[in-house]
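First the structure, in the form of structure tokens, and then the observations on it.
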Amino acid sequence: MKILDDLNPPQREAVEYLGGPLLVLAGAGSGKTRVLTYRIVYLISAAKVNPWNILAVTFTNKAAGEMKERVEKLMGYRSRNMWIGTFHSRCVRMLRKECEFLGYPSNFTIYDADDQLSLMKKTLKQMNVSHKQYPPKSILEKISGAKTILLTPQEYASHTKSYFEEMVAKIYKTYQESLKSCNAFDFDDLISKTVELFKENPKILKKYANRFKHVLVDEYQDTNYAQYVLLVQLASIHKNLCVVGDEDQSIYSWRGAEIRNILEFEQDFPDAKVIKLEQNYRSTKRILDAATSVVKNNINRKGKILWTENKRGGKIYLFHKKDEREEARSTIDLIQHEICQTGKLNLRDFCVLYRTNAQSRALEEAFRRADIPYTIVGGIKFYERKEIKDLLAYLKVVVNPADDVSMRRIVNVPPRGIGETTTKNFDTLMEDFGISLYEAMSRVDETSLPNSKKDKIKKFIKLLNGYRKLKKKVDAYELLSKIENDIGYLNILEKERTIEAESRIENVRELLASVKNFTVEADDPSVEAYIAEVTLLTDIDRWDEKKDVVTLMTAHNAKGLEFPVVFITGLEEGLFPHASSLYPPSELEEERRLFYVGLTRAKRKVYLSYADRRSRFSGRFQFPSRFIMEIPTNLLKSLD
DNA sequence: GCGTGGAACGAGCGT
DNA sequence: CGTTCCACGC
């Protein structure tokens, strides 16, 4: 095969290996995406594996889309039927098809963090639990942790170690019942319920495990226990599990990722083959040396020796300023200077990284003042914005009338005289008959509300019923634009005439444009398909690297990306490494890996910066990050 | 039912 | 320092 000539010996071995479980330890910039893509191409064209029998799991939808594109470019339509996606999106697909075995109808809704919070607050109220004593967020964190290690409410209840946890166990049970009655899954359920489905229905598992002759996993170091079990299940028949990862880039332990999955792959799969990819094709020698020196300080790692044939490159620049505003200004000055000096670089070649989203504020202001186009990935995410959630909630209710969380959201948006007091009138009806708010409101005549209120509710229900009928005839775009038009969402915003409303209008327009785009491009343009996809989209998935703007994002979001020039800002003790991760050592090591991820995003140049004072610390003086000292001084050049 | 202002609280990374 | 929540007044 000709494409194999593009690969170095270990890459080639990873592509061609067909002897069962395979662990590819792929250092930063060592061409792991290339290996995964070529392996898929190799499986299909040389090993004659039907694309239908291949499952590839990536970390983001964006990575999945890119991989699909690259495979298609290399071999055209023959790759059409393979399965590429994130854990969550593949699980949704399987759940849609099989959820009757879990007692769920297939029009279920997926609740994001915001929806979960609403449901949890409602659940606590229902249980008469004080949300002061049991903060909804911490409860949800505990529940998420339980789901990540596959503990059911019953199992969790038998593991409790404190009175607080006993309460959590009770809330967990009720919360699951609430989800069920809304016909909804939360993010963690998507994985854990799929595992449960397979555990309880061996026949269904057999169907999928038989189908997936080859399972490929990207970013294996960031999988959690539930995902690990899922992989074991899916690969249980053919045992062709190929995982690619880098323990030095494991940065998600705080949400349940287990570095052990990669460190102990060989124990889990005793006949596993291990291949190391150690040649870096991305960065200059100096950047690579700096990154290596930093990560060497970690004890808990397998250890790879990354090397590169790339040129030596310039030194790593370091500067410090008196506060975050001057840091931001200098960052911009340096970007402008780089562009003028080289004459070859564009805005899109620059990326500014930081540890916390809050840091984007000072940068954003400075970029706006300097009139330099930029984009922020993350922070208040697009699909979490009120105006977006409001409109999508209409679609969700139309698809799944049992979705009380979305129903409550839209019931008085825009204001139609159905406030909280009116909605409360349906509580008994809902409880007595075990029905949803939608259904209760359809039976408004059974309440003692005044006729004026009854009419308002009847009108609203009639509107929704109309959409449910219409849904069968039109695509997602037609339905959403009709809804927007009917409720006059944009009109109302336009009347506000504020800067804030202006940006909301822009967001709504972008939403409508993206739905339009979806209906044109997707195989299935239905409302159901759209809602399922959109709930799992993240900010990084929407990020367009071709747009000529500077990218601002957290170091976490930068994983898997690369830029010619990278700025890592806010390198202060307590910020990066973050104050809450200074202890235990395992957490500090994760901070160090995060810094390592940041450094290794850069192809040509790295700028590091810190501020003496930052308003976040109420203006207290901060020491420079220890990570700066871990870079050998001969690789650093101070700009101060 | 809805909007406004002041108090209280919290300040990490995100599928 | 900035956001969220709640009480109060319209």
Side-chain angles (χ1 to χ4, degrees), chain A residues 57-64 85-92 110-117 121 131-132 135-138 140-141 144 147-148 185-192 219 222-224 226-227 250-257 323-324 353-362 377-384 411-425 450 452-453 456 496 533-541 553-559 570 574-582 587 590-591 593-595 597-598 613-620:
Chain A
V57 187
T58 58
F59 199 70
T60 62
N61 291 294
K62 186 180 174 58
T86 62
F87 276 100
H88 290 86
S89 79
R90 294 307 86 194
C91 283
V92 168
I110 304 157
Y111 279 173
D112 66 17
D114 193 60
D115 301 328
Q116 286 180 55
L117 203 60
K121 285 179 181 164
H131 64 275
K132 286 259 155 66
K137 272 211 181 106
S138 359
L140 282 168
E141 242 164 64
S144 171
K147 289 181 177 178
T148 297
F185 291 116
D186 67 18
F187 275 125
D188 300 308
D189 281 339
L190 296 178
I191 315 291
S192 61
E219 309 282 11
D222 286 322
T223 51
N224 62 33
Q227 291 164 337
S250 161
I251 53 174
Y252 283 104
S253 77
W254 51 275
R255 61 169 211 221
D323 58 28
E324 72 263 40
L353 299 179
Y354 37 80
R355 176 64 177 80
T356 68
N357 278 308
Q359 289 166 254
S360 68
R361 199 187 208 100
V377 179
I380 308 159
K381 291 164 202 67
F382 185 75
Y383 289 101
E384 285 168 18
V411 93
N412 205 28
V413 172
R416 48 171 75 88
I418 312 174
E420 221 174 305
T421 327
T422 310
T423 309
K424 261 210 169 80
N425 275 283
S452 60
K453 290 278 173 213
K456 281 175 180 161
E496 278 185 35
E533 171 162 312
V534 93
T535 317
L536 296 175
L537 279 185
T538 66
D539 252 34
I540 198 79
D541 298 325
M553 64 179 137
T554 61
H556 278 94
N557 259 323
K559 194 174 73 161
L575 189 58
F576 201 170
H578 197 272
S580 42
S581 300
L582 297 178
E587 290 210 18
E590 181 149 312
E591 292 287 305
R593 290 193 294 269
L594 184 59
F595 182 59
V597 167
R613 291 162 211 283
R614 195 174 285 274
S615 50
R616 183 176 172 275
F617 295 101
S618 13
R620 276 206 316 275

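Every chain is numbered from 1, with letters handed out A, B, ... down the list of sequences. The shown structure was predicted, so the numbers you read here are calculated from the model rather than taken from an experiment.
- When all heavy atoms are compared, the tightest approach of A:Leu536 to A:Asn61 is O-ND2, 3.0 Å.
- Comparing B:dG14, C:dT3, B:dG12 by their nearest atom to the side chain of A:His578 picks out B:dG12.
- Put simply, A:Asn412 has a side-chain N or O that comes within less than 4.0 Å of OP1 or OP2 on B:dC2.
- At least one side-chain nitrogen or oxygen of A:His131 sits closer than 4.0 Å to the OP1 or OP2 atom of C:dC6.
- With distances taken from any side-chain atom of A:Thr421 to the nucleotides B:dC13, B:dG1, B:dG12, the minimum falls on B:dG1.
- You'll find that the side chain of A:Glu591 is closest to B:dG12, out of B:dG14, B:dG12, B:dG1.
- OP1 or OP2 of B:dG14 has at least one side-chain nitrogen or oxygen of A:Thr554 nearer than 4.0 Å.
- The shortest heavy-atom contact between A:Asp222 and A:Ser250 is OD1-CA, 3.6 Å.
- Residue A:Thr422 places at least one side-chain N or O closer than 4.0 Å to OP1 or OP2 of B:dG1.
- At the heavy-atom level, A:Asp112 lies nowhere under 4.0 Å from the strands shown.
- Heavy-atom nearest nucleotides on DNA chain B were determined for A:Asp188 and for A:Thr423, and the one closer to the 5' end corresponds to A:Thr423.
- For A:Asn61 and A:Arg355, each mapped to the nucleotide of DNA chain B holding its nearest heavy atom, the one lying further toward the 5' end belongs to A:Arg355.
- Under the 3.5 Å distance criterion, the side-chain polar atoms of A:Asp323 are left unmatched by any main-chain donor or acceptor of A:Ser615.
- No contact: A:Lys456 has no heavy atom under 4.0 Å from any strand.
- For A:Ser615, the side-chain atoms get nearest to C:dC1 when compared with the rest of C:dC1, B:dG14, B:dG1.
- By the 4.5 Å heavy-atom criterion applied to side chains, A:Phe187 and A:Gln116 are counted as neighbours.
- Side-chain atoms of A:Asn224 and A:Gln227, non-hydrogen and from C-beta on, do get closer than 4.5 Å to each other.
- Of the candidates B:dT15, B:dC2, B:dG12, B:dG12 carries the atom nearest the A:Thr356 side chain, counting heavy atoms from C-beta on.
- The ring of A:Phe87 does not lie on top of the base of B:dT15; it is either too far (5.5 Å or more) or too tilted (30° or more).
- Taking the side chain of A:Trp254 as heavy atoms from C-beta on, and the options B:dG14, C:dC5, B:dG12, the nearest nucleotide is B:dG14.
- No side-chain heavy atom of A:Glu219 sits under 4.5 Å from any side-chain heavy atom of A:Tyr252.
- Taking the side chain of A:Tyr252 as heavy atoms from C-beta on, and the options B:dG14, B:dT15, B:dC2, the nearest nucleotide is B:dG14.
- Nearest to the side-chain atoms of A:Lys121 among the listed nucleotides C:dC5, B:dT15, B:dG12 stands C:dC5.
- Distances shorter than 4.0 Å separate some side-chain N or O of A:Asn357 from OP1 or OP2 on B:dC13.
- Across all strands shown, B:dG3 forms a Watson-Crick or G-U wobble pair, both distances under 3.5 Å, with C:dC8.
- Partner assigned to B:dA8 is C:dT3, using Watson-Crick or G-U wobble distances below 3.5 angstrom.
- Among C:dG2, B:dC13, B:dT15, the nucleotide with an atom closest to any side-chain atom of A:Arg361 is C:dG2.
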